[in-house]
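Structure first, then comments.
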There are 2 protein chains.
Amino acid sequence: MNIGDVARQSGLPPKTIRYYEDIGLIRPQRSENGYRSFRESDLHKLAFLGRARALGFTIEDCRTLMALYEDDHRESAQVKAVAEEHLRQIDEKIAQLQSMRATLDTLIHACAGDHRPDCPILQDLARSDANQA
Amino acid sequence: MNIGDVARQSGLPPKTIRYYEDIGLIRPQRSENGYRSFRESDLHKLAFLGRARALGFTIEDCRTLMALYEDDHRESAQVKAVAEEHLRQIDEKIAQLQSMRATLDTLIHACAGDHRPDCPILQDLARSDANQA
DNA sequence: ATAGGGCTTCCAGTCACTGGAGGGTCAAGG
DNA sequence: CCTTGACCCTCCAGTGACTGGAAGCCCTAT
């Protein structure tokens, strides 16, 4: 399979697939003409990577998860630990975003949004106390 | 005021302040020794920027918001539009994260997390259907 | 022979900083 | 007067995970 085929089948752009080879996540063979030649196992790995990335795992997490996947002597606790740490980080980010969202929503509702210059949003951003939240 | 003073007062690292000058968000004067010399108005702007960034606005949004802040003929509708667009993006991101979170949480709960290799998390990542969600 | 599509590599850019090297400035203490 | 330490300066490179584009080769069909 050429890169275009695996791109279609894995849903990943060719650029991304080349990048994954660059950073050593996959090692496709080469045809005589220099084209990358992907086996089923490469496609499988790319699909794995695509799904792990879709769950928000970092590339380094993906590397770890793939290594665990290919390690017959893994313990599921190792996988779970990676996933739990990631979940914690997601929760943190969600909390951050929700806090921003709450402030922003309040400000937006306080703003008339008309032709006049008076604006509570700008007033809040420009307020002179030191509170960064 | 030197950069250290404004850093302490604004809560922004000196590096960030220099960066903001680089990209034209502020224009502090210079002392004879070459040091940046910040006026109250610079400090005010930096505080404004810090708060806008804390609400998740991009640098380009900050630029727009600062311009509006300094424009006596602004209409609050312009500010509100920027804020509303940003809110939409935050909501999108929250939704994405919550969807990841849900999947991840399910997988984590399905995983024993013991010394055995069997792991529903890896099984899911390696499943052979094309569903990327 | 040429046109098109696909493939290759390499370089640069994204976003918003952050770290570090290498060096100048200033006030205080010995 | 010298040194120490805390400042400050610029410039370059790196972060994460790609993405865009240029320049050029390969392959098939007309």
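It should be emphasised that the depicted structure is a prediction, and the values quoted were computed from it without experimental measurement. Chain letters run A, B, ... following the sequence lines, proteins first, then strands; residues in each count from 1.
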Notebook entry, point to check: What pairs with Arg116(B) under salt bridge (charged side-chain N to carboxylate O under 4.0 Å, His left out), at least two apart in sequence or on another chain?
Noted result: Asp114(B)

Note to self: Once you apply a heavy-atom cut-off of 4.0 Å, does Pro13(A) come out as touching a base, just sugar-phosphate, or nothing?
What the structure shows: sugar-phosphate

Note to self: Quick check on dC18(D): is either OP1 or OP2 less than 4.0 Å from any side-chain nitrogen or oxygen of Arg18(A)?
What the structure shows: no

Margin query: Quick check on contacts: within residues 27-38 of chain A, what sits under 4.0 Å from DNA chain C by heavy-atom distance?
Written below: Arg30(A), Gly34(A), Tyr35(A), Arg36(A)

Note to self: List the residues meeting ring-ring contact (aromatic ring centres under 6.0 Å, His included) with Tyr69(B), not counting sequence neighbours, and say none if there are none.
What the structure shows: Phe48(B)

Notebook entry, point to check: Can you list the residues that meet the side-chain hydrogen bond (donor to acceptor under 3.5 Å, both in side chains) rule with Asp91(B), with sequence neighbours excluded?
Noted result: Arg101(A)

Notebook entry, point to check: In chain order, what residues pass the ring-ring contact (aromatic ring centres under 6.0 Å, His included) check against Phe57(B), with sequence neighbours excluded?
Noted result: His86(B)

Check: Between Ile3(A) (CD1) and dC18(D) (P), how many Å, whole number?
Finding: 14 Å

Notebook entry, point to check: side-chain hydrogen bond (donor to acceptor under 3.5 Å, both in side chains) with Gln29(A): which residues, sequence neighbours excluded?
Noted result: none

Check: For Arg27(A), does the CZ atom sit with more than 12 other heavy atoms under 6.0 Å from it, leaving out its own atoms?
Finding: no

Checklist line | Contact interval (first through last nucleotide) of DNA chain C with protein chain B, 4.0 Å heavy-atom | finding: dA16(C) to dC26(C)

Note to self: Show me the pairs that pass salt bridge (charged side-chain N to carboxylate O under 4.0 Å, His left out) and involve residues 64-82 of chain B, at least two apart or across chains.
What the structure shows: Lys45(B)-Glu70(B)

Notebook entry, point to check: Do any side-chain nitrogens or oxygens of Tyr20(A) fall under 4.0 Å of OP1 or OP2 in dA17(D)?
Noted result: no

Notebook entry, point to check: Does Glu92(B) have any salt bridge (charged side-chain N to carboxylate O under 4.0 Å, His left out) partners at least two apart in sequence or in another chain, and if so, which?
Noted result: none

Margin query: Nearest whole Å is fine: how far is dA17(D) C1' from Phe57(A) CZ?
Written below: 17 Å

Check: Do Glu21(A) and Arg18(A) meet the salt-bridge criterion of a basic N to acidic O distance under 4.0 Å?
Finding: no

Item checked: Value in whole Å for how far the P atom of dA17(D) lies from CG of Leu25(A) -> 10 Å

Check: So which of residues 88-97 of chain B are in contact with DNA chain C, with a heavy-atom cut-off of under 4.0 Å?
Finding: none

Item checked: Any residue meeting ring-ring contact (aromatic ring centres under 6.0 Å, His included) with Phe38(B), in chain and number order, not counting sequence neighbours -> none

Checklist line | Atom-pair distance (CG on Asp22(A); C1' on dT19(D)), nearest Å | finding: 13 Å

Next item on the list: Could you check how far CD of Glu60(A) sits from C1' of dT15(D), rounded to whole Å?
Entry: 12 Å

Checklist line | Non-neighbouring partners of Asp5(B) that pass side-chain hydrogen bond (donor to acceptor under 3.5 Å, both in side chains), sequence neighbours left out | finding: Arg8(B)

Next item on the list: Take atom CD1 of Ile17(B) and atom P of dT10(D), then tell me their distance rounded to the nearest Å.
Entry: 13 Å

